[in-house]
Amino acid sequence: MPRTNLEVAAALHELADLLEINGGDRFRTLAYRRAGDAVRGLGRDVATMTEAELTAVHGIGRATAGKVQELLVSGSIGLLEQLRAKYPAGVLEMTRVSGLGPKKALALHDALGVGSLEELEEALKAGRLRDLKGFGARTEENLLRALANHSREERRILLGEALGVAEEMLDGLRTIPGVERASYAGSLRRMRDTIGDLDLLAATSCPGEVVEAFGGLPNVGRVSAKGPTKASVLTRGGLQVDLRVVAPEEFGSALQYFTGSKAHNVKVREHAVRMGCKLSEYGLFRGPLWEQRIAAATEEEVYGALGMQTPPAPMREDRGEVELALRGALPSLVTVRDLRGDLQSHSVYSDGRRTVREMALAAAAKGYEYFAITDHGRNLSVVRNLSLEDIERQRAEVRALNEELAGRIVVLHGLEANIGMEGDLDYPDEVLAGFDVVVASLHHQLRGEREAMTRRVLRAIEHPAVHILGHPTGRMLPRRPASDLDMEAVCRAALAHGVALEINANPRRLDLKDDHAFLARQMGCLFAISTDAHSPRELDLMRFGVGTAQRGWVEAKDVVNTWPLEKLRRFLAKSPLER
DNA sequence: GCCGTTTTCGGCCCGACTGTTTTCAGTCG
Ligand SMILES: Nc1nc2c(ncn2[C@H]2C[C@H](O)[C@@H](COP(=O)(O)OP(=O)(O)OP(=O)(O)O)O2)c(=O)[nH]1
Ligand SMILES: [Mg+2]
Ligand SMILES: [Mg+2]
Ligand SMILES: [Zn+2]
């Protein structure tokens, strides 16, 4: 992952936050925040972009491009340093405490000299906030609790875990009398890799009762806000859950609103305004007093009335999907149903939990046409791996299995090769050539310099036996960061050598991640969406990989494991330059 | 500060809940 993008985005966000605290034109702060978002979502490395290329990015203009250059050249931004000198870092940290925003943080800093979370706690305990204008006993109480929960509430959880909790909460919600429909929305529905909170939507004609009953569900710890249309609660595990309740006939517009993203919503609502309409969670309205409701029941109806196609939820990040939907030009994204097989999995020959046969049967039960077993090569010494004899034995086993399962599924004999320090692989070329499919992946020494890491990966991509680059950046959520790679160079090489980039579907990896998949798709790369299953159950992780691919706008035609076996075999058999 | 199917100037999404407030600002979704 190009670390510089994250650093530049962080600087722009900090600039926006500090400008907001400082006061002044709020649209200027909005502009810096949007620019920061744009940089974060950029697959390309900002450090390699010219000022003209930067300015061409939506949301980045001359001023911001200049500041980015300033940061990259001198290591800092003058305006940001001025603001940092004016407000200690703790003031920014304070605005992240729930219930504290820029205005109150500024008041605390100016009136009481509070400049850190510790000082805030002291001031609270000494009762010094009480006689401050705009602060009272309740605020004091809420802030003390928010401070205590601060570190826990800041965390984002992984997509896979979030989905589990959401389904449990939805089950509870659906048992509440009067709930006609319920769905999850927010970043979970958009399939982001990490989830800040759960957003649940319910349709009912008795909202008050539903909100009340929701607060009493067994998994709910504390209710932090509650009104006639919504509630915010914390689960016993400390996860925030936002419930929104609407009338059944508003379910579509409410789902559109609550699914987001915020940037997507703003863009769609601006379009509604240009049409002389108003869009909110209650519907699309027209007329001098907005008394005419044009659409609300379904998302399709709402988008349709706006003259748009309905973008799949994972696309709704304001990366250009609104413009395409208006022109009726949305790409048709890959779906789970398009997939004909899984091209990375493990058996007891390496660190998998089941035999090749058990894995193959499970894959067949999923309705797949083909399935690759890809155990680890011998250079990955930390786990059981394939000796030369193992390879022969496993090949025979696969051959027998293909006779036994003929007509049900075709098993491909694959390998997950380990990319060494010099980009070298586990076996001599003739051994590698004996596999039906070779996935090459980084597994160790992931913290090298960008140039060295990129060189290793490029060498592997250039190897004639390699078909797929597995979990390209090696990240492991939530802690192990991505290797520092020049992703543009990786994509270029993959394209040139006909190597597919894996989108690893395991929720701890999701690698390529969404932004990189978006870049790779733009560059015309091929993909393989693979579960990397170590047990039959893990074959079900595919949906997370597909969601990530959709976030990168990946189409089925560019995903090799949507291809019929015949076409896939041609891809696997061809020499790299023909692929 | 950014941007353009109406714009190179003049807009920039829209609504809910809380607390402290005599009418709304701040924060959040
Ligand atoms: N129109 C509009 N909608 C918003 C705004 N803020 C949030 N929303 C909508 C879109 C969001 O996806 C949805 C849920 O809000 P969240 O704060 O939970 O964000 P989201 O779930 O996208 O990300 P998260 O992973 O929770 O941080 O509510 C806003 O300022 N305006
Ligand atoms: Mg959310
Ligand atoms: Mg939320
Ligand atoms: Zn691996």
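Here the structure is a predicted model, which means the values were calculated and not measured. Basis for what follows: all heavy atoms, side chains included, without hydrogens, waters or symmetry-related copies. Residue numbers start from 1 in every chain, and the chains themselves are labelled A, B, ... in the order their sequence lines are given, proteins ahead of strands.
Of the charged side-chain nitrogens involved, at least one lies within less than 4.0 Å of a carboxylate oxygen, so that Arg84(A) and Glu81(A) count as a salt-bridged pair. Salt-bridge check for Glu140(A) with Arg145(A): failed, with every basic side-chain N at 4.0 Å or more from each acidic carboxylate O. Taking 4.0 Å as the cut-off between side-chain N and carboxylate O, Arg96(A) and Asp17(A) count as a salt-bridged pair. No salt bridge links Arg475(A) with Asp511(A); every basic N to acidic carboxylate O contact stays at or beyond 4.0 Å.
Of all non-hydrogen atoms in Val223(A) and Gly215(A), the two that sit nearest each other are CG2-CA, 3.9 Å. Nearest approach of Gln240(A) to Ser232(A), heavy atoms of both residues: NE2-OG, 4.0 Å. The minimum heavy-atom distance linking Ala35(A) with Ile60(A) is given by the pair CB-CG1, 4.2 Å. Smallest separation of non-hydrogen atoms from Arg521(A) and Val554(A): CD-N, 4.1 Å. What you find for Glu20(A) and Thr29(A) is that their closest heavy atoms are N-CG2, 3.6 Å.
For dT7(B) and dG11(B), the C1' atoms lie 9 Å apart once the distance is rounded to whole Å. dT27(B) and dT21(B) have their C1' atoms separated by 16 Å, given to the nearest Å. Here, dT18(B) and dC12(B) have their P atoms 29 Å apart, quoted to the whole Å. Comparing dT8(B) with dC14(B), their C1' atoms are spaced 28 Å from each other, to the whole Å. Taking atom C1' in both dT20(B) and dG26(B), one finds a spacing of 11 Å when rounded to whole Å. When the C1' atom is used for both dG1(B) and dT5(B), the distance is 23 Å, rounded to whole Å. Remark: the separation of the C1' atoms in dG29(B) and dC13(B) is 12 Å, to the nearest Å.
Taking the 5' to 3' direction, DNA chain B first and last meets chain A under 4.0 angstrom from a heavy atom at dG1(B) to dG29(B).
Nearer to the 5' terminus of DNA chain B, by closest-nucleotide assignment, is the contact made by Gly59(A) (compared with the other of Gly59(A) and Asp242(A)). Map Met275(A) and His58(A) each onto its nearest nucleotide of DNA chain B; the residue landing nearer the 5' end is His58(A).
Residue Val97(A) is in sugar-phosphate contact alone, with no base atom involved, counting any heavy-atom pair closer than 4.0 Å across all strands shown. In this structure, Lys267(A) reaches neither bases nor backbone, as no heavy-atom distance under 4.0 Å exists between it and the strands shown. Residue Val211(A) is out of contact with every strand shown, counting any heavy-atom pair closer than 4.0 Å. Within 4.0 Å of Val268(A), counting heavy atoms only, lies no atom of the nucleic acid at all. Using a 4.0 Å heavy-atom cutoff across all strands shown, Gln240(A) reaches sugar-phosphate atoms only and no base atom. Contact annotation for Ser98(A): backbone-only contact, meaning every heavy-atom pair under 4.0 Å involves sugar-phosphate atoms and none involves a base. Nucleic acid contact for Asn265(A): none, since no nucleic acid atom lies under 4.0 Å from a heavy atom of the residue. In this structure, Tyr257(A) reaches the bases: a heavy-atom distance under 4.0 Å links it to at least one base atom across the strands shown.
Against DNA chain B, the stretch residues 108-135 of chain A makes heavy-atom approaches under 4.0 Å through Gly134(A), Phe135(A). Heavy-atom distances under 4.0 Å link DNA chain B to Asp25(A), Phe27(A), Arg28(A), Ala31(A), Tyr32(A), Arg34(A) of residues 13-37 of chain A, given in residue order.
The side-chain tip of Arg319(A) points at the ring of Phe518(A) from less than 6.0 angstrom away and within 45° of straight on.
Exactly one of Asp197(A), Asp199(A), Val165(A), Ile195(A) qualifies for a side chain to side chain contact (heavy atoms under 4.5 Å, CB included) with Leu188(A). That residue is Ile195(A). A salt bridge (Lys or Arg N to Asp or Glu O under 4.0 Å) with Glu250(A) is found for one member of Arg293(A), Arg244(A), Arg181(A) and no other, namely Arg293(A). Here the rule is side chain to side chain donor-acceptor pair (under 3.5 Å) with His264(A), and of Glu321(A), Arg316(A), Arg190(A), Arg269(A) only Glu321(A) fits it.
In this structure, dT8(B) makes no Watson-Crick or G-U wobble pair, since no nucleotide meets both defining distances under 3.5 angstrom.
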